[in-house]
Protein chains: 2
Amino acid sequence: MGWEHDNGPKVRIMGTANIKDVAARAGVSVGTVSNVLNDSPRVAPESAKRVRAAIADLGYVRNDAARQLRAGRSNNVGLIVPDARNPFFADVALGAEEAASGRGLSVLTGNVDGNADREAMYLGLFEEQRAYGVLISPLRNVEPRLEALHDRGIPVVQVDRVARGERISSVSVDDVVGGRLAIEHLLGRGRRRIAFIGGPAGIRQVEDRHRGAVTGLAATPGARLERIDTGAQTVLEGRRAGERLRARPPRRRPDAVFAANDLLALGALQALVMAGDIRVPEDIAVIGYDDIDFAASAVVPLTSVRQPARTIGARALELLLTEGEDPGVGAQQIVYQPELVVRESS
Amino acid sequence: MGWEHDNGPKVRIMGTANIKDVAARAGVSVGTVSNVLNDSPRVAPESAKRVRAAIADLGYVRNDAARQLRAGRSNNVGLIVPDARNPFFADVALGAEEAASGRGLSVLTGNVDGNADREAMYLGLFEEQRAYGVLISPLRNVEPRLEALHDRGIPVVQVDRVARGERISSVSVDDVVGGRLAIEHLLGRGRRRIAFIGGPAGIRQVEDRHRGAVTGLAATPGARLERIDTGAQTVLEGRRAGERLRARPPRRRPDAVFAANDLLALGALQALVMAGDIRVPEDIAVIGYDDIDFAASAVVPLTSVRQPARTIGARALELLLTEGEDPGVGAQQIVYQPELVVRESS
DNA sequence: TCGTACGGATGAATCGTTTCAACATGAAGG
DNA sequence: CCTTCATGTTGAAACGATTCATCCGTACGA
């Protein structure tokens, strides 16, 4: 190459070295360096040592973009969650991350925060990045979009929502059953005027849980279900809904509240007991959904419908792997059953 | 090219089309397609229309790896959080995401879950990906690592921790002041035997808050601070610590608990009041840290030290931008002041 | 008529890695 | 001495987008 001597000005700025520089410094070819990087067995120990020394000297770090370009796909799994502030999804993420580590995959999470545009943005991002796969708990129905990813060779698994079509896999919990469990529990406690507090209409989880509640109610004559819509599924919105109930004259209040998730339930619970004139569960029973950690330490420990969040995340990632390895296998729908956790609030 | 006719077998499998295919189909050069993709002004409307039609027909999606390879950096900002289950970090993330959107950047979050290996893994990942920048709330001191990223041209901002060196920017809240605020509040309520419950020793936030507590205590003779170490900063660990306190004979119990974060505080609070023989705050006052949403809806609404989580995230991202645009500017250390939020638990 | 300016379009070079057919070397076997 | 085999190593091709010097027409002014 003609610059063995006078290496002063040839020194690259630290951190810009590429595989060629490493090869030159170690006195081997780029192919050999690449073999060392991917610890292929076909490298003599002596060469490997020199290569590793050169890497350390130059502060070389592999350029993943080039690697991906060549490979055609990346080793990142995209996880798209509707609301990172909901601990339920943090748990799902944890399950996925645990399953991914050790298999050379990394999970990168995109937080949609209830915004459909951002959901589309992250889907586009992972598509452009040719992610190894995508896990998504969609806000609304985006299956056409997901099938497009699938066709591009990016495995997709829907989390917390059963896929309608037959091409996308999913891992979920039966929310209709969960809603029914909740309502039957309240009915069993003698409650008849029940309020359902739920996030923006159209959100699948909300609708399914509501539907389950309606179903469960049908068998009991005289039982009523009122629906209170909220703008989002947050503690704040729950509090607002609770305040609206508290503002009513006592006899127009429900005798039980079923919230579509624990954030709403905790907010509502707080608003109800705040003034002290309403007792939970005596006057109004409250039940939530997800059984997040905070449910147990609420003003009144919260009855809730538990979902196996971590298991869901882990299982979803495993489905992704099987599809990634063998794209031929058909889609699978895995449905877990929810579990009622009774505490003092009901 | 010789295949204008007989386009049957030439049709690419949907989703594998590249920019050349688009160019061929639109009857223009790849350069022109690229110009359309990056909406450069130098394209005749007519050509642009044909290109867009071709893109739609072929289901073309840009390959980000190739784009990044050429560009030398990506448009993704990596956010590394120590514990996604702590709503505080979800809020920080939200702040960063809001600041990023609209500037063509996406935030991808890596959850370390208290595991230093995974922290290193995500740092390596974002380095290999040549991320636009990295925001990190480090578990322990990783500044050497961060400076390496910095030298490679990847801006780094430490979140929730003041940088020691002068090369890395940071956005944080003064945890020593926060610890002092908490302890002074408890002292002001007449408490003298205080227990500090904190995550694994060595975690910076824990140590700073503890240090602040010790400082605040010094002025009051007769006041004692006991330290109870936990293995992690979770609700569960907090509950365990609370149970240990409850198991003591009444006179050996503290008269106040200061927890290093709200998760610990909520767990401890729950354990303390569970049996009913301990009253909060009469027998034992409890104060937490972060003022997460759930603090207000706890068994006994929790007094806490508030940090402006969203602002921190947003500000950190802005620092990243200024460094990204002009790498010459020096590092900045932004420190916010914490704020005491008094509720019923103290 | 010639020169020039300008809006558009072109396509080869480039980014950094992996892959793989081909090659070099030495040892073992006939 | 000639094959055959195993073990390492080589380096050019390929991945797909962006960039930029160059080129093509056309219109306008002198």
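Chain letters run A, B, ... following the sequence lines, proteins first, then strands; residues in each count from 1.
- At a threshold of 4.0 angstrom between heavy atoms, the contacts of A/Asn38 are confined to the sugar-phosphate backbone, with no base atom among them.
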Under 3.5 Å between N/O atoms: give me all the protein pairs with nucleotides 22-25 of chain C, atom names plus distance.
none

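- Considering only residues two or more places apart in sequence or on other chains, B/Ser172 meets the side-chain hydrogen bond (donor to acceptor under 3.5 Å, both in side chains) condition with none of them.
- A/Thr109 pairs by the side-chain hydrogen bond (donor to acceptor under 3.5 Å, both in side chains) definition with nothing, not counting sequence neighbours.
- Scanning for salt bridge (Lys or Arg N to Asp or Glu O under 4.0 Å) contacts around B/Glu97 gives A/Arg118, with sequence neighbours left out.
- For A/Glu128, there are no side-chain hydrogen bond (donor to acceptor under 3.5 Å, both in side chains) partners at least two apart in sequence or on another chain.
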Hey, can you pull the donor-acceptor pairs under 3.5 Å for the side chains in residues 100-108 of chain B, sequence neighbours left out?
| residue | atom | partner | partner atom | Å |
| --- | --- | --- | --- | --- |
| B/Ser101 | OG | B/Glu98 | O | 3.4 |
| B/Arg103 | NE | B/Ala99 | O | 2.8 |

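- Among residues two or more places apart in sequence or in another chain, the side-chain hydrogen bond (donor to acceptor under 3.5 Å, both in side chains) test is passed with A/Ser47 by none.
- For the segment residues 67-75 of chain A, the set of residues with a heavy atom within less than 4.0 Å of an atom of DNA chain D comprises A/Leu69, A/Arg70, in numerical order.
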Which protein N or O atoms sit under 3.5 Å from an N or O of nucleotides 4-10 of chain C?
| residue | atom | partner | partner atom | Å |
| --- | --- | --- | --- | --- |
| C/dG7 | OP2 | B/Arg42 | NH2 | 3.4 |
| C/dA9 | OP1 | B/Ser47 | OG | 2.3 |
| C/dA9 | OP2 | B/Ala44 | N | 3.1 |
| C/dT10 | OP2 | B/Ser29 | N | 2.6 |
| C/dT10 | OP2 | B/Ser29 | OG | 3.0 |
| C/dT10 | OP2 | B/Thr32 | OG1 | 3.1 |

Please tabulate, one pair per line, all N/O donor-acceptor pairs under 3.5 Å involving side-chain atoms of residues 157-171 of chain B, not counting sequence neighbours.
| residue | atom | partner | partner atom | Å |
| --- | --- | --- | --- | --- |
| B/Gln158 | NE2 | B/Glu143 | OE2 | 3.4 |
| B/Asp160 | OD2 | B/Gln205 | NE2 | 2.7 |
| B/Arg161 | NH1 | B/Arg140 | O | 3.4 |
| B/Arg167 | NH1 | B/Glu147 | OE1 | 3.2 |
| B/Arg167 | NH2 | B/Asp151 | OD1 | 2.5 |
| B/Arg167 | NH2 | B/Asp151 | OD2 | 3.4 |
| B/Ser169 | OG | B/Glu323 | OE2 | 3.0 |
| B/Ser169 | OG | B/Gln332 | N | 2.9 |
| B/Ser170 | OG | B/Ala163 | N | 3.4 |
| B/Ser170 | OG | B/Gln333 | OE1 | 2.4 |

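- When the side-chain contact (heavy atoms from CB on, under 4.5 Å) test is applied to A/Arg85, the partners found at least two apart in sequence or on another chain are A/Asp83, B/Ala90, B/Asp91, B/Leu94, B/Asp293, B/Arg310.
- With axes fitted over five pairs at each extremity, the angle between the ends of the helix from C/dT1-D/dA30 to C/dG30-D/dC1 is 60° (10° resolution).
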